[in-house]
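Below is one structure; the comments refer to it alone.
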Amino acid sequence: MLKSTNSPFPSKTKFSVWFFRSSTSFLSPKQNEAHLSLSHQHKKNYKKYFLFSFLNENPTNQRVSKQVHSHLITTASFSHSVRLFNAVLRCYAVSENPKDAIFLYQQIQSFYLYFKFDSFSYAFLIKACASLKDLALGKQFHGVEIKMGFESHLYVQTVLVNMYVESGGLVECKKVFDEMPDKNTVTWNVMITGLAKQGDVEFARFLFEKMPDRNIVSWSGMIDGYTRMNQHREALGLFRRMVADDGVDPSEITFLAILPAVWNIGDVKICRLIHGYGEKRGFLVSDIRVMNSLIDTYAKCGCMGSALRFFDEISTDTKNLVSWTSLISGFAMHGMGKEAVESFERMEQEGWKPNRVTFVSVLNACSHGCLVEEGLKFFKKMVNEYQILPDIKHYGCLVDMLGRTGRLEEAEKIALEIPSEISNEVVWRILLGACSFYGDVEMGERVTEKIMEMERGYGGDYVLMSNILVGAGRFADAQRLRRLMDERNAIKVAGSSLT
DNA sequence: CTGCCTCATA
């Protein structure tokens, strides 16, 4: 936000209009420079200073950074603007389109061949490559950055390691990391969290044990890595060691990393333990994300009562849309359709605008609770009232809802109406389950054909279809399908239980 | 200037 007290630009809009007018020039950059009077020059410097401080206070303001970008290009006075340039680069690097950072770099280079970029510039440019996960582009900037003499610059090399590990260049990231003359905790953490995210949790653990001083980011990253790799006991063990042995205080991020491990194990007692610990240490009162994750964890541990109680404890002005969505999805997975619908309505009354995730949850609740009419109503509401384009998960709920209540023809009709760009085998698999339940052989065969067009490696489909055939007395066909499954080497997933 | 980040069909 602009501070309007001593600013000549009272509002954002006015500021934008003013800047647009004053920066638009029909002259070439060189001519523009030559025609500037002294007062104009003075004004320009003031403008530059103002933009710089504004952008530093609002590092993610896209509109302003676009304007500064055009300022840099049209005035061609780059040599004094490295810091301004860096501010724009930082903005682009963390934006939706990190490619803009690269474009700006190329533009500056084409205007001013010997522009002196500093360590900040390269740090942000490489960060943009990391966001893009563009390994080839990152390698190019690696080369340029070495040529410009930042080979042993701590910050530049740290983002470089981050870029390599984020975009899958595991060999390169290890090489850069090993050759760094000095590393700090952040460097180690970039390596550990990056490796954990890429699935190499073993090597991440090796570095974790080896690193000189671990902080909370190291612990959280490591715990998160184990959770991602479905090694939930290991994650919990590490959390325990962190709190009990090393006496490190967890952060809100640590809770966000450990709670999925808790609900994957599915023990409510652990959930209560973590909850109690967090409450005692005052970590839960500050961050709504942790509270939402806790609602979700209680629900997924099968304790909807605790989830609801905790939800009600959160004050109205702290709650957000995700809190409501977590509650609704909790009701959905417990087949409590009525409660989910009521929560949805209460949420709307409190002025929240549901998003696509909220609708997946409430549609899922309707299908699990066999509330077909309500579900169809919600689907229409989503499309017409909230203008949300349904995605494959919404269709999946709809097909499931119609299929499980025996309205197979309608379900098939919906499945066929799904645009082919977003359609997948999951929605047909749902329908196949319904066909199996109601013993509809003809539709089952049609549906299986559809699935085989998309995915033929999932053994469950063959088993389900052959069961339908057996139910209809077509034993020979069933056996043929089983043989086909073996020939295609389809994966047979064994039934698993949480206990 | 660099690191961990809540909810979603089977």
Side-chain angles (χ1 to χ4, degrees), chain A residues 56 59 83 86-87 89-90 93-94 118-127 130 153-163 165-166 183-194 196-197 215-225 227-228 250-260 287-297 299-300 320-330 332-333 354-365 367-368 390-401 403 424-434 458 460-461 464 493:
Chain A
N56 267 342
R83 286 163 67 82
N86 288 340
L89 269 188
R90 176 173 63 176
V94 298
D118 64 3
S119 64
F120 290 75
S121 319
Y122 289 109
F124 295 138
L125 281 165
I126 295 169
K127 192 187 170 66
H153 190 286
L154 177 61
Y155 284 79
V156 175
Q157 295 308 101
T158 300
V159 281
L160 195 64
V161 171
N162 188 35
M163 184 276 297
V165 74
E166 290 267 308
K183 317 173 182 46
N184 66 7
T185 310
V186 175
T187 317
W188 285 90
N189 287 344
V190 162
M191 200 65 187
I192 288 169
T193 56
K197 240 191 272 177
N215 65 8
I216 187 57
V217 177
S218 333
W219 286 98
S220 306
M222 202 61 229
I223 291 171
D224 184 56
T227 314
R228 275 170 205 268
S251 71
E252 59 279 11
I253 310 295
T254 324
F255 283 106
L256 293 174
I258 197 69
L259 286 173
D287 197 315
I288 184 60
R289 293 172 307 172
V290 179
M291 296 188 247
N292 293 340
S293 189
L294 202 61
I295 297 170
D296 186 48
T297 307
K300 283 177 176 150
N320 64 14
L321 186 60
V322 179
S323 324
W324 285 99
T325 307
S326 304
L327 184 75
I328 293 167
S329 92
M333 70 185 75
N355 63 12
R356 46 183 67 244
V357 184
T358 320
F359 274 109
V360 172
S361 302
V362 76
L363 288 172
N364 193 218
S367 88
H368 287 164
D391 65 33
I392 191 62
K393 295 192 180 182
H394 299 109
Y395 286 117
C397 295
L398 219 54
V399 170
D400 185 45
M401 179 188 314
N424 64 7
E425 74 282 2
V426 176
V427 60
W428 290 105
R429 194 168 289 148
I430 295 167
L431 190 56
L432 187 62
Y458 183 71
D461 299 328
L464 209 53
V493 184

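Naming convention: chains lettered A, B, ... in sequence-line order (proteins, then strands); numbering from 1 in each chain.
Here Val186(A) lies in heavy-atom contact (under 4.0 Å) with a base. Nucleic acid contact class of Gly396(A) (heavy atoms, under 4.0 Å, all strands): base. Heavy atoms of Asn355(A) sit nowhere under 4.0 angstrom from any nucleic acid atom. If you check every strand for non-hydrogen atoms under 4.0 Å, Ser326(A) touches sugar and phosphate atoms only. Within 4.0 Å (heavy atoms only), Val190(A) reaches sugar-phosphate atoms of the nucleic acid but no base atom. Base engagement by Ile430(A) is indicated by at least one non-hydrogen atom pair under 4.0 Å involving a base atom.
Listed nucleotides: dG3(B), dC4(B), dT6(B). Nearest to the side chain of Ser220(A): dC4(B). Checked against dT2(B), dT6(B), dT9(B), the side chain of Val322(A) finds its nearest nucleotide in dT6(B). Set against dG3(B), dT9(B), dC1(B), the side chain of Asn364(A) has dT9(B) as its closest nucleotide. Comparing atom distances between the Ile253(A) side chain and each of dT2(B), dC4(B), dA8(B) picks out dC4(B) as nearest.
Distances shown here put a side-chain N or O of Lys127(A) below 4.0 Å from the OP1 or OP2 atom of dG3(B). Distances shown here put a side-chain N or O of Lys300(A) below 4.0 Å from the OP1 or OP2 atom of dA8(B). Contact between the side-chain N/O atoms of His368(A) and the OP1/OP2 oxygens of dA10(B) is found at a separation under 4.0 Å.
Here the shortest heavy-atom pairing between Leu327(A) and Ile295(A) reads N-CG2, 4.1 Å. Listed here is the closest heavy atom pair of Cys397(A) and Asn364(A): SG-N, 3.7 Å.
Shown here are the ring-ring contact (aromatic ring centres under 6.0 Å, His included) partners of Trp428(A), two or more places apart in sequence or in another chain: there are none.
For the pair Ile288(A) CD1 and dT6(B) P, the computed distance is 13 Å after rounding to whole Å. Here dA8(B) presents its P atom at 16 Å from CG of Asp400(A), a figure rounded to the nearest Å. The distance from atom CD1 of Ile295(A) to atom P of dT6(B) is 15 Å, rounded to the nearest whole Å. If you measure from atom CG of Asn215(A) to atom C1' of dT2(B), you get 12 Å, rounded to the nearest angstrom. Put simply, CG on Leu294(A) is 11 Å from C1' on dT6(B), counting in whole angstrom units. Protein atom CG of Asn162(A) is 6 Å distant from nucleotide atom P of dG3(B), rounded to whole Å. Rounded to an integer number of Å, the gap from CG of Leu398(A) to C1' of dT9(B) is 11 Å. Distance, Phe120(A) CZ to dT2(B) P: 10 Å, rounded to whole Å.
A donor-acceptor pair under 3.5 Å is absent between the side-chain atoms of Ser293(A) and the main chain of Leu256(A), judged by distance alone. In this structure a side-chain-to-backbone donor-acceptor pair under 3.5 Å is missing from His394(A) to Phe359(A).
Between Thr227(A) and Asp224(A), the side chains place no donor N or O within less than 3.5 Å of an acceptor N or O (distance only, hydrogens not considered).
Stacking of the aromatic ring of Tyr155(A) onto the base of dC1(B) is found: the ring centres lie under 5.5 Å apart and the planes are inclined by under 30°.
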